[in-house]
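Read through the structure below, which is laid out as structure tokens, and then see the notes.
Only this structure's heavy atoms are used, side chains among them; waters, hydrogens and symmetry mates stay out.
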Protein chains: 2
Amino acid sequence: MTDALDPRELTTYFALMESVGVLEHHVEQQLRAEGGISYVQFQLLARLADAAGPLTMTQLADGVVYSRSGLTYQAGLLEKAGLITRSPFAEDERTTLVTLTGKGAELVGRVLPGHIQVTRRLLFDPLSDDDIERLGDIMTRVRDHVRAQPPRSAAPRKRRGGSGSAAPVG
Amino acid sequence: MTDALDPRELTTYFALMESVGVLEHHVEQQLRAEGGISYVQFQLLARLADAAGPLTMTQLADGVVYSRSGLTYQAGLLEKAGLITRSPFAEDERTTLVTLTGKGAELVGRVLPGHIQVTRRLLFDPLSDDDIERLGDIMTRVRDHVRAQPPRSAAPRKRRGGSGSAAPVG
DNA sequence: TATTGTTATACTCTATAACTATA
DNA sequence: TATAGTTATAGAGTATAACAATA
């Protein structure tokens, strides 16, 4: 449990977070303008498109939305907009299955090219093919690692840690 | 302007965004619990700590907050909490200088070790030293690239693009 | 008892536009 | 005219807790 702050790690971390923050902001604007959806909504739709079949609410949420209620809220919006449908799952009646509609798939297809363009312009432009491959390799490993991490996203923690929490600023 | 979707780029991009999303969420929780601040607030304080001197509001915001009002809001909270002070700048009286207080510096110092720990556990654990160095190199280039990008963050765009915008989901 | 999902509610945060003041 | 910052306000999004229903 070394506390020493490796400056190389710190630099890497801050560059990563700032870059992704700016990228995400630009991507949000593109999605909002061309598709009328937020980035979270895009992630949910894209995940369904990728799955090529229905997902349960929990599967859908994992790594995207971090509270059950937030997920229900987003699913409600997407359903109201006709982009997904929700239906019961006979084999486990607690579960809700989420299916991408044709309209939803169409929206993903319509929005993706511009999305890619923004990503190219901001993220890939200054990188070589080798950089991209290496970055993909690294981040795939990180993603698998964080996915394997104990605290499941949609399952809220119960415990309130022994040392208490600091007084909030807001 | 190629629209073709290079699958390698897409994989890289999605892995990057999901990883950082999860990392940011964990970091938010750590900051909230140990320091009572949000990630945006941490970024602002850390930027001031790094600058080792006052910054203007605009310099402070760049790449962190994307609207002037959002910045004023956050600065208001931080000032109320005694973590920063705002003062006029004699050489340009439109400008507000933001200074980190001792309490603010103390908070950054107090929160940083746990912050690093979370980052290590989620981001750096599955990476080799060489990966980290390469990732740092890549993301530093990307950060410099996005910083150089035309649309300055705190300066809102005026134009409303010719093709109009899509109907919002919400 | 644990898990899946929904609802109600309170709160945080962001963005838009209108405004002030200085360059 | 353009830039720096503030204010008011409205809207989106998130989290907590209480709830119902199934495993």
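In this structure, the side chain of A/Glu133 does not engage the main chain of B/Arg8 through any donor-acceptor pair within 3.5 Å. In this structure a side-chain-to-backbone donor-acceptor pair under 3.5 Å is missing from B/Gln43 to A/Phe14. Looking at A/His145, its side chain never comes within 3.5 Å of a backbone N or O of A/Met139 through a donor-acceptor pair.
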Got a list of protein N/O to nucleotides 18-20 of chain C N/O distances below 3.5 Å?
none

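Distances shorter than 4.0 Å separate none of the side-chain N or O atoms of A/Thr58 from OP1 or OP2 on C/dT3.
Rounded to whole Å, the distance from CD on B/Gln59 to C1' on D/dT3 is 14 Å. Rounded to an integer number of Å, the gap from A/Arg68 CZ to C/dT9 C1' is 19 Å. The distance from atom CG of A/Leu55 to atom P of C/dG5 is 11 Å, rounded to the nearest whole Å. To the nearest angstrom, P of D/dA21 lies 18 Å from CE of A/Met57. Distance, A/Arg94 CZ to C/dT4 C1': 6 Å, rounded to whole Å. The distance from atom CG of A/Leu44 to atom P of C/dG5 is 13 Å, rounded to the nearest whole Å. Residue A/Leu71 contributes atom CG, which lies 7 Å from atom P of C/dT6 at whole-angstrom precision. Rounded to whole Å, atom P of C/dT14 lies 14 Å from atom CD of A/Gln29.
Remark: of the listed residues A/Leu55, A/Val65, A/Leu45, A/Leu55 is the sole one forming a side-chain contact (heavy atoms from CB on, under 4.5 Å) with A/Leu60.
DNA chain D lies under 4.0 Å from at least one heavy atom of each of the following residues of residues 81-92 of chain A: A/Asp92.
If you check every strand for non-hydrogen atoms under 4.0 Å, A/Thr72 touches a base.
Here D/dA23 is the nucleotide among D/dT6, D/dA23, C/dT6 with the atom lying nearest to any side-chain atom of A/Glu93.
Residue pairs meeting the side chain to side chain donor-acceptor pair (under 3.5 Å) criterion with at least one partner in residues 95-106 of chain B, sequence neighbours excluded, are B/Glu106-B/Arg110.
Using a 30° and 60° split on the angle between ring planes, A/Tyr13 and B/His115 fall in the perpendicular class, above 60°.
Partners of B/Arg47 according to the salt bridge (Lys or Arg N to Asp or Glu O under 4.0 Å) rule, which considers only residues two or more places apart in sequence or in another chain, are A/Glu18.
Across A/Val111 and A/Gly35, no two heavy atoms sit closer than the pair CG2-CA, 3.6 Å.
A side-chain donor-acceptor contact under 3.5 Å links A/Ser128 and A/Asp131.
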Sequence-aligned protein contact record of nucleotides 8-14 of chain D, with B where the base is within under 4.0 Å of a protein heavy atom and S where only the sugar-phosphate is
B---SBB
Under 3.5 Å, side-chain donor or acceptor atoms of residues 84-91 of chain B against the rest of the protein: list the pairs with distances, not counting sequence neighbours.
{"from": "B/Arg86", "atom 1": "NE", "to": "B/Glu79", "atom 2": "OE1", "distance (Å)": "3.1"}
{"from": "B/Arg86", "atom 1": "NH2", "to": "B/Glu79", "atom 2": "OE1", "distance (Å)": "2.9"}

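Two different hydrophobic clusters hold A/Leu97 and A/Leu48 under the rule that ILVMFWY side chains link at heavy-atom gaps under 4.5 Å.
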